[in-house]
Amino acid sequence: MTLSRKDFQALLIVICFGFWIENLVQGADDYYVYSPVCQMPAVNPFTWDTMSNFHRKTLRHCHNDSDMVTSEFDFETHQYRLHVHEHLAKPIMNRKGNATLECEYQEISRDNSDQKPDNAYNQLRRRPIEQHQFVPNNTDYMITSCYVRDVTKHRELLQQDAISFIEDRLPKEKVKDFVKDESEVHKPSVLIMGLDSTSRINLRRAMPSVYKFVRQPGWFEMQGYNKVGDNTFPNLLAALTGDSEKGVGDYCDVTKPGCLDSLNFIWKRFKKANYTTAFAEDCSSISTFNYLKPGFVKQPTDYYLRPLLFAIEKQFKVTNDFGFAYCVGRHLSFSYVWDFGQQFIDRFLGRSPMFGFLWSNSFTHDYYEGATALDNLLWKYLKSFEESNLFQKSIVILMSDHGHRYNTLRRASTGYFEERMPMMFIYLPPWFRRKYPHLASNLGKNQNRLSSNYDVYMTLQHLLQLDSKSVDEFPDNLRARQCKSCQSLFFELPFNRTCQMAGIEEKWCCCQPTETITNSPHVSTIAEAIVQRMNEHLISHNLSDLCHNFTLDYVEKADRKTILSNGLRPADKNEQVYIIVFETVPKNPIFEATVRWNSRTQRLLHFDVEELSRLTSYKNDANCINRKNAKKYCICKDSLSRPS
Ligand SMILES: *[C@@H]1O[C@H](CO)[C@@H](O)[C@H](O)[C@H]1NC(C)=O
Ligand SMILES: *[C@@H]1O[C@H](CO)[C@@H](O)[C@H](O)[C@H]1NC(C)=O
Ligand SMILES: *[C@@H]1O[C@H](CO)[C@@H](O)[C@H](O)[C@H]1NC(C)=O
Ligand SMILES: *[C@@H]1O[C@H](CO)[C@@H](O)[C@H](O)[C@H]1NC(C)=O
Ligand SMILES: *[C@@H]1O[C@H](CO)[C@@H](O)[C@H](O)[C@H]1NC(C)=O
Ligand SMILES: *[C@@H]1O[C@H](CO)[C@@H](O)[C@H](O)[C@H]1NC(C)=O
Ligand SMILES: *[C@@H]1O[C@H](CO)[C@@H](O)[C@H](O)[C@H]1NC(C)=O
């Protein structure tokens, strides 16, 4: 092709215009979301106050001996086999003279007769393992033990391990139907992978390999994703059931057995649509639906790792790292979950539509450097899933519930955003992008629009009715109960979307820029009013016997939110939103309160003490109290006499 002089000039003008446009909107590059009503900044992960104390940690392994017993899926008979690797015991057997190797297993199963089956399990009697034997097809988990028996009949334990099985229970007709009419084109498989407390800021800082992986074609980062609740439970509840922690109280009490079972968990609808479902989470004591809650009475998904992890955390040696169970027996707590995920993929990908939910707390819940130790390992799992063709066929989500909520990262200048911006990456396989280009294009646009957990719930709903043309085609019973204006991320989100429209309360909203006013005279008046409200709250909740009164020590930082032109201006122009960070005595906890203050009446408007953020850990202060939310604001009297 040759260009005439005129064409060339035109081309030049187009190019220059392009540069000019790009420069005009340059400002928007510093923002994840930029609209008249929402300006969410793109936070720099590498500020000096977060990097000066940042150390990369190395992954510590849990064992360096080889597996005595391994399992293998036999694709001909569709059953698992067990193999005993006797040669590994030869050195010890030789040393002991005429010794023999004896390997046994005990089946573990969920104890459905218990009142809280999530916190119970059955352990069947010991059975010898025959070399290459088949595993009975109703066995989900087992504990294996290998002993050396010497001539005096004395037995010495060589190795103990835990094995989970994703048994093949698909009726043959179903497999045939699925494979024959390639119905996966209508029913995309979905795998959700979650890391607790990982913001998109810390992902970039701590996990360069994983971050690079999710920047490949097909991945969409929801950069305007804003959390809707304080800790794991409300955020996952919103994404998986469409409910809020407060709103769910209208239906049942989540601390009572049976309540969680009755909610609209998205995996129930996948199950109804003939998907095979799985759920696994590490650290059984702090699991999302079990920490200070009874868990599920009925097993929530077809495959469910909890009974095994619960059993072995009780029976095996557990070593802690990064604050929680790290090695459980011979493996990382994390690895049980991701290995289970790998088995699930190997068993069902391409044979049945599948929905899987994997969640890990162990590395990242308490220490933000935990993510550095995990980076390479998680990357290896992603590569391994890739080799299993997961990314050819399935929709994959890598997400978190919230960012770090206390200590170093939270106390840094970017801490407000760190806490509120969990990572959210959505992968669409090539066939899906080809078949539904308009949905992929909408998802692309939505990357820089304000979105929330409720939208993720609606997105999952959408995957089960991909022919829908608009949100209006979703009947009321499939909508997120606590945010009816929330919608699938496959439909274009409104450009001028406010936090209110996305079901995000003021306290969590990252949309309004703030100005720092720490030295303004009424800051301490506001802080005193907050502390007074906290003390009244202790009394009205009958906690003053257990918890010490608060006295304001000093105000560390005060910010005022700028009211954007969002049409939601308060009726009274003297009302403004303040974010106050302050320390109290005794024990110097640091709190952050987001409050509405009327400067004319000098009064706080609507401030719920239960919604305070606690920026320092309460680990040594709140042992006298069991209620999760109250732990944040109770300085136990009995903790004062003890050194912390
Ligand atoms: C690995 O082997 C070394 C030397 O045999 C031993 O000291 C160490 O404790 C082992 N580590 C684990 C995790 O078993
Ligand atoms: C081992 O057993 C065999 C036969 O039972 C016997 O002949 C042999 O002496 C024994 N060896 C030792 C080291 O005890
Ligand atoms: C499980 O094993 C039993 C006994 O071997 C057999 O009758 C049954 O068909 C198997 N079930 C499946 C789903 O393969
Ligand atoms: C699920 O599978 C059954 C049996 O194969 C079939 O009758 C039913 O229509 C399927 N349901 C859906 C929602 O595809
Ligand atoms: C967003 O709001 C601004 C100001 O209120 C308005 O000018 C603009 O047209 C709106 N944009 C869209 C896409 O609705
Ligand atoms: C604690 O604070 C409340 C409210 O300010 C006050 O009424 C009460 O007397 C205080 N209790 C103690 C023990 O100081
Ligand atoms: C506090 O105790 C009083 C009297 O025992 C009781 O009536 C009230 O319901 C309790 N309040 C709370 C919030 O537990």
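All residue numbers in this chain count up from 1 along the given sequence. Whatever order the structure lists ligands and atoms in, that order sets their numbers, starting from 1.
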Contacts of Cys510 that satisfy disulfide (SG to SG under 2.5 Å) - sequence neighbours left out = none

Before accepting this row, confirm whether a basic side-chain N of the pair Arg449/Glu492 lies closer than 4.0 Å to the acidic partner's carboxylate O.
-> yes

Basic-acidic side-chain contact under 4.0 Å: Arg596, Glu506 = yes

Asn137 neighbourhood, listing ligand 3 atoms whose heavy-atom distance to it stays under 4.0 Å | 1 (C), 2 (O), 3 (C), 8 (C), 10 (C), 11 (N), 12 (C), 14 (O)

Using the ring of Tyr251 (Phe, Tyr or Trp, six-membered ring only), decide whether Arg481 places NZ or CZ under 6.0 Å from its centre and within 45 degrees of its axis.
-> yes

Can you give me a line-by-line list of nitrogen or oxygen pairs between ligand 4 and the protein shorter than 3.5 Å?
from	atom 1	to	atom 2	distance (Å)
ligand 4	2 (O)	Asn274	OD1	3.3
ligand 4	2 (O)	Asn274	ND2	2.2
ligand 4	11 (N)	Asn274	ND2	2.8
ligand 4	14 (O)	Lys187	NZ	3.2
ligand 4	14 (O)	Asn274	ND2	3.4

Residues which pass ring pair (Phe, Tyr, Trp, His ring centres under 6.0 Å) with Tyr427, listed by chain and number, not counting sequence neighbours = Trp219, Phe391

Which residues satisfy the ring pair (Phe, Tyr, Trp, His ring centres under 6.0 Å) test with Tyr225, sequence neighbours excluded?
-> none

